[in-house]
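Below is one structure, written out as structure tokens, with a few remarks after it.
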Amino acid sequence: MRGSQIPLQPSTPFSHDYLKTSSHRQQALCGNVEGWGPLSPDRFDFTPCFLDVWVAVVAVGGVLGGAAAAYYLLKNYPAQPVKKNWHFFAKLITIGALVASAAAQAVLQAQYYPGIWFRDFRFWTTIVTIISLCVIFFVQYTEHWRSRNANGVVLFYWLFLLIIYGVKLRSLVSRNLHHDHPAYFIVFCVNVGLAGLEFVLEWLVPKRLSDYDALGDDDECPFEYADIFSVLTFGWMTPMMKRGYKTFLTQDDLWNLRKRDATKSTASAFRTAWGHELEKKHPSLWLTMFHAFGAPYFRGALIKTASDVLNFVQPQLLRLLITFVDSYRTKNPQPVARGAAIALAMFAVSVSQTAFLHQYFQRSFETGMRIKSALTAAIYSKSTRLSNEGRASKSTGDIVNYMAVDTQRLQDLAQYGQQLWSAPFQIVLCMLSLYQLVGFSMFAGVAAMVIMIPVNGWIARVMKTLQKEQMKNKDSRTRLMTEILNNMKSIKLYAWTTAFINRLNYIRNDQELKTLRKIGATQAFSNFTWSTTPFLVSCSTFGVFVLTQHKPLTTDIVFPALTLFNLLTFPLAILPMVITAIVEASVAVGRITSYLLADELQVDAVLREEGVEEIGEESVRVRDATFTWDKNEERQALHDINFSAHKGELACIVGRVGAGKSSLLQAVLGDLWKIKGEVILRGKTAYVSQSAWVMNASVRENIVFGHRWDPQFYDKTVKACALRDDFASLPDGDQTEVGERGISLSGGQKARLTLARAVYARADVYLLDDCLSAVDQHVGRHLIDNVLGSKGLLAGKTRILATNSIPVLMEADMIALLRDGRILEKGTYDQLMAMKGEIANLIKTSQNEDQSEADSRTSESVVSDEEVTVYGTSPTSDGDDDNEAEAAQENVSQLAPLRTGNGTARKSSFNTLRRASTASFKGPRSRVVDEEGGGLKSKQTKEFSEQGKVKWAVYGEYAKTSNLVAVAIYLVLLVGAQTASIGGSVWLKQWSEVNQRYGGNPHVGKYIGVYFAFGVGSAALVVVQTLILWIFCSIEASRKLHERMAFAIFRSPMSFFETTPAGRILNRFSSDIYRVDEVLARTFNMLFVNTARAAFTLVVISASTPIFVAVIIPLGALYLYIQRYYLRTSRELKRLDSISRSPIYAHFQESLSGMSTIRAYSQERRFEQENEWRVDANLRAYFPSINANRWLAVRLEFIGSVIILASAGFAIISVASHSGLSAGMVGLSMSYALQITQSLNWIVRQTVEVETNIVSVERVLEYAALPSEAPEIISKNRPPISWPSQGGVSFNNYSTRYRPGLDLVLKNINLHIKPHEKIGVVGRTGAGKSSLTMALFRIIEPSDGFVSIDSLNTSTIGLLDLRRRLAIIPQDAALFEGTVRDNLDPGHVHDDTELWSVLEHARLKEHVASMPGKLDARIYEGGSNLSSGQRQLISLARALLAPSNILVLDEATAAVDVETDALLQATLRSSMFRNRTIITIAHRINTILDSDRIIVLDHGTVAEFETPAELVRRKGLFYELVKEANLLGALDVTQV
């Protein structure tokens, strides 16, 4: 807008009157002598007609824009009742007055231009202005009811009107109009004043809001009601920045998301678009994203175009400036006003370019954010539908990676993707500008660029393959890490840490870092080609110019050209980055597409129908059905199954390990692929899986599981599932947080918890997978009587139970025997006993003949009127039931038992339990960032996030690990490279000035040669510097850091893993290590390079105009002030962002492992919403953090614009005062000043990047410094080689607790176990049985006393020495992905014959021999291709391998069927174990009846310790347990 330049000096007195019109020398439509102009022929000013053109442009803009705004307001915003106040009237009155004064102006004009006024443009301008004022009046009137903020069109209208009026006023004053025509002048001044007043009223005075809006939402995002200037300058972010500067931001300070950014809306947009795509043969994820999120993105593209064009106006202005300066060497210098106008134009262009650029960025980042949230939701909801085939090919780690890494790639692409067309566009603009400057010589430059393209293409290809390889390495490392974390307990028990550390280090150092080194070298090479490209371009262009053209290569060509080349660097540098990003993104899109298209569950595998009403009606029917786990494989899981179950019946499925019991249940649920046949399921289902799946939430949330809260029924459930006592013993009752994978509960508690969840759901069909195996026998009895049996809570329901437990079979209405996936026998208990088939034999063997069956049938029914099960611990209450309901809701830790008023109510069977209705979703179950629960002991530790500045020590530590010498060399090279590149420019200045003096081009060779040397030297230094940074600093550092962290994790005590979610540890190993590996070095490099650049620029400007130093100081202060403001807030926002990110992945991982349970309860929708909620919580931190960057950039670039204005202004003043400043110097300093905004911006940006990424180093160091458990080996105190040769164990006054602050789990234990004794340990759940083994292996350290083995105090030797010499068969068999051999012997210390022999003893030889690859057969993640029983047998084999005289069995036989169990028991009693001390922690009393002595634990103390017969005679606790198990007959008491 030429009109806005205000020339400084008033011109000489003038001859033509402003308001005079003349009929001679007249141009069309302009009555003034000076004509259309633009510049007046007689003085340095615009002509009156030209000025009015601009007034007219603003007015027409007001009419059109105002009409559009009015239409938009009326169409999109409903009117709201808003009271009228003084502000409303003041604005309208002001506009009225403006219309009046404009009309007065028109009248005056008609008088002043007699005869031709209707032909004069100036008169019509006034009329158009009046019309535009009326339109604006209407808009301001309507917006009072329909909008919360001032309209953008209106604000811009007033702003531009004021600017043009200002210019016009200056012109009028310079013509002395106030003397000649005071009336006109006064009217015009009134116009200006009123316009100014209106602008202030509209912009700065807040609008009256409707009552509804005034109530407002505290957390509403201010963007929603920001006015246009606030949007352009990101002023709406300022309150957040202020708050962040004053205090540390927390989750509560963040705004809510705008509706359109919430995951709910983005996910539904994506779903619709993807739905359309799926109808095609090859659905494309790219198109889906374009359809769903493309619109704002393309608006961003238009904005970007404007910004790019403005970018190339600067060199043109620079050329004008240089010619202006140069004119002072000649006789007729140009007027100073012209110079001032050029400087102002440079400033205006710079500012508006900033505004455009950041609007574009804003759009890109928002799109990226939406894509990521939508994809996260899509990946999550897909996981609820994945079939087994889909799951088998993708491990949990991989799927979590899609969500964590691949969506991130796409988000990054959205941020830079526009550069794909923008960069070539900028290059074309640049070429055109160059052509205008140097003519055909620019083609030499183009040629140089074209040559570089294939080179860079090749580099990009190499990078792609390396990146792919790196992804694979990363995946395998994350996979290994996940397994290690999930099975840490076993790794410690088996003393396998070294083997696993070696496996991890192999992947990390020999695969991952090796590839990373290659990536580093490639990066350096590509840096070299990119940094030489602009240089070669300029070199060849100038060379060709000098050789072919006869014009001298002068300053006004060189410096605009140099500026253009500098502008060229950016698109050239960004292109390869964009190409890499596109490559990475296309890999990611491929991975995500293949995942989204992966096999889903068979929709028609199960026909679901309405529930049945009458007892005895059929509710499950499987007819002639054959199923397979993987439809692409031959092996079938189940053949020709015929099976039906009826309402009110208990159907049991028995069979050996691996016979297909669990498969049958999953087939009924629809998790298996049905090849033929039909499955019909009537009613809702509830499912209890074999390995209990527990959410990381409170116990109560696990039981209620999204159903409506019903205290009475909850109480019944808890009681029936025998959880009452456990609640009493848990630290916070049913509010106890169970931790990840239910880590703080025992196996039996988990099993009963999942059973309680099923009971509470009040479904129609219950599918229970062996829920009795993990509980003690007497508890099992209780569950049979109260839950599963004919008098239990579920008596009126269909119950299908896969089991190995004999007592249940007597209760069963139907029993089916599976063998190798076929049903061999089925019938009622009595029929089968009469048939004398397999089942009869099974039952016979396990039952003790002497006790008559009838007896066992009527073993005490536990639900009698006296409520036998309520042990004396829980207080009984006499209050009304409703009081209890209230108490239960008030989180009482002990649930009072329901008072049974009279026995009768109790006995009526629950044929018709009301179904549990699902509660509506009210936000997530656990707050998104774990907050410390008010005084809950069991809460997980909150993720520790440092607040405030990252400590310098961290930087120091990082530099130290990076090798200080290398860092120093790097910095020296960096300064060298910058100096060389500045040297090149100074040399150009010399050369062009020489040419100017000669008027030709002398000594071409010398000048070009030196220039070339400077450039290549600089580029070479850049390469060396990059190589040193990558290979010697960064990779070294990340190797050491990862090693230290991994080692610390391996050495951490178990309590650390119990209180830290695995997701959090994984996060440190995946994203934090990724940052240290790849991001940190890059950001440090950028930071240093740009700091050096900015410093050199300021030096150059100051050298040319020393007065500039005066500006540096205030600008520098302002810069630091803005930066400090920003750093604090941005750092906290980034931290909040990363803290709120881990719960998303933790929740996802958890859901993946429990997917069949979630599906069985049809809770997929609830979990998806929970996931959306968590993603939103993360975006709430992410959205302000990207806008904080914009906020900062706009402010810094403004400082940059001021620097441009100052350096141009000072140059002009200096030249005008004839200081003899050369054009070359001005050109040099200006071409650097134009670059400075970019550098300043990058510096702050990289400072923050470095700060956020160094946080990763800080987090890694924090884990590297974790407190470790006792040392592995104490060299002074190593046990003798043969230890423990005898195998005597004694506990001396031993007490222990799991973690400081918790209660003692074992209290003053004194036990002496003789060598070779077989000891059984029994006790109710939670009595401390498992803690005893933990104590033996020093997984928990004694708080008092010690354990000695063969009279050697185990606390005095190293852990490795201790654990290596003990053998254990733990409760849950931990299997790792890998071969059978890796699983038996990770350290590879045993040979094949040993392995085969232990497999034979463990009864696994046949199975392993039948697997493809035998000992090297693959075992999937978590051993998922073996059945639970086989996994248990593998751990038996492991125990056989350990050269130990002490063997601990921890509930080892829990998941094994009766036959395998008998084999196992036989093995354990065979000669191999004759001379070992065996300590068995038993759930089934019959397995330990033949022990030498039995330890009975009760509440952490030893209640009894004697031979079994003696204990029975004493009629103590043990007697009770035996009696409950109906085994009294097995012990001949008379022996004693």
Side-chain angles (χ1 to χ4, degrees), residues 1-2 4-5 152 156 159-160 163 228-235 299-321 341-365 415-416 418-419 421-430 432-433 559-560 562-574 1090 1094 1097 1115 1119 1122 1187 1189-1209 1230-1245:
M1 208 168 70
R2 253 310 154 50
S4 61
Q5 275 75 53
F156 269 128
L159 177 68
F160 288 139
I163 292 175
I228 188 86
F229 298 131
S230 174
V231 168
L232 288 176
T233 58
F234 290 85
R299 288 202 287 277
L302 298 173
I303 299 173
K304 177 90 171 101
T305 314
S307 151
D308 287 347
V309 171
L310 284 175
N311 223 342
F312 287 93
V313 175
Q314 292 288 25
Q316 309 296 341
L317 292 171
L318 175 62
R319 193 174 183 188
L320 291 173
L321 182 68
I342 294 171
L344 281 168
M346 282 180 125
F347 178 67
V349 167
S350 176
V351 170
S352 41
Q353 193 227 340
T354 299
F356 280 127
L357 183 64
H358 294 295
Q359 285 313 302
Y360 145 72
F361 269 140
Q362 162 88 350
R363 304 232 171 355
S364 302
F365 276 96
Q415 292 161 17
Y416 303 112
Q418 300 265 10
Q419 299 292 353
W421 62 263
S422 164
F425 176 62
Q426 288 178 25
I427 293 171
V428 170
L429 280 178
C430 187
L432 292 172
S433 314
F559 287 109
L562 255 194
T563 308
L564 285 168
F565 291 139
N566 280 333
L567 284 177
L568 200 55
T569 346
F570 179 70
L572 283 181
I574 201 93
N1090 283 300
T1097 302
L1115 280 182
Y1119 180 74
I1122 291 179
N1187 285 308
N1189 285 346
R1190 306 275 76 79
W1191 178 90
L1192 168 85
V1194 168
R1195 279 149 188 72
L1196 292 188
E1197 288 182 23
F1198 185 74
I1199 292 182
S1201 307
V1202 173
I1203 291 178
I1204 294 175
L1205 181 63
S1207 51
M1230 283 309 292
S1231 70
Y1232 273 99
L1234 288 174
Q1235 277 182 79
I1236 195 163
T1237 38
Q1238 215 171 5
S1239 287
L1240 288 183
N1241 214 338
W1242 274 113
I1243 290 175
V1244 171
R1245 199 73 122 300

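Heads up: numbering here begins at 1 and tracks the sequence. What you see below is based on every heavy atom in this structure, not just the backbone, and it leaves out hydrogens, waters and symmetry mates.
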When every non-hydrogen atom of Leu321 is compared with those of Ala1208, the smallest separation belongs to CD2-CB, 4.3 Å

Which residues pass the side chain to side chain contact (heavy atoms under 4.5 Å, CB included) test with Tyr416, sequence neighbours left out? Val578

Criterion side-chain contact (heavy atoms from CB on, under 4.5 Å) on Met1230 and Met346, from CA distance to verdict: CA-CA 11 Å; Met1230 283 309 292; Met346 282 180 125; 3.8 Å; yes

If a pair satisfies side-chain hydrogen bond (donor to acceptor under 3.5 Å, both in side chains) and one of its residues is in residues 1195-1205, list it, with sequence neighbours excluded. Ser350-Ser1201, Thr354-Glu1197, His358-Glu1197, Glu1197-Asn1241

Closest approach of Ser1207 and Ala1233, non-hydrogen atoms and distance? OG-CB, 3.6 Å

Set of residues satisfying side chain to side chain donor-acceptor pair (under 3.5 Å) with respect to Gln353, sequence neighbours excluded: none

Taking salt bridge (Lys or Arg N to Asp or Glu O under 4.0 Å) as the cut-off, I'd like each qualifying pair that reaches into residues 305-315, sequence neighbours left out, listed once. Lys304-Asp308

Got a second to check how far Phe312's CZ is from Thr563's OG1, nearest 0.5 Å? 11.0 Å

Taking all heavy atoms of Val1194 and all of Phe234, pick out the closest pair and write down the distance. CG2-CD1, 3.8 Å

Rounded distance [0.5 Å steps], OG in Ser352 versus CG in Leu357: 11.5 Å

Who pairs with Tyr1232 by side chain to side chain donor-acceptor pair (under 3.5 Å), at least two apart in sequence or on another chain? Ser985

Less than 4.5 Å apart, any side-chain heavy atom of Ile1122 and any of Ile1199? yes

Value rounded to 0.5 Å, distance of CD1 in Ile1203 from OH in Tyr1119: 9.5 Å

Tell me every residue that passes side chain to side chain contact (heavy atoms under 4.5 Å, CB included) with Asn1090, counting only those two or more places apart in sequence or in another chain. Met1086, Arg1093, Ser1239, Trp1242, Ile1243

Nearest-0.5 Å distance, CG of residue Leu564 to CZ of residue Phe559: 13.0 Å

I'd like to know if the side chain of Gln426 and the backbone of Gln419 have a donor-acceptor N/O pair within less than 3.5 Å. no

Please list, chain by chain and in numerical order, all residues satisfying ring pair (Phe, Tyr, Trp, His ring centres under 6.0 Å) with Phe425, sequence neighbours excluded. none

Atom pair CG/CG of Leu1205 and Leu344 - distance to nearest 0.5 Å: 6.0 Å

To the nearest 0.5 Å, how far apart are CG in Leu232 and CD in Gln362? 10.5 Å

Do Thr233 and Phe1198 have side chains that get closer than 4.5 Å, going by heavy atoms? no

Nearest heavy-atom neighbours spanning Tyr360 and Gly300: CD1-O, 3.7 Å

Is Phe347 close to Ile1204 at the side-chain level, that is, under 4.5 Å between some pair of heavy atoms? no

Can you list the residues that meet the side chain to side chain contact (heavy atoms under 4.5 Å, CB included) rule with Val349, with sequence neighbours excluded? Leu310, Val313, Gln314, Leu317

If you compare all heavy atoms of Val231 against all heavy atoms of Gln359, which two are closest, and at what distance to 0.1 Å? O-NE2, 3.0 Å

Checking Leu302 now: which residues fulfil side chain to side chain contact (heavy atoms under 4.5 Å, CB included) with it, not counting sequence neighbours? none

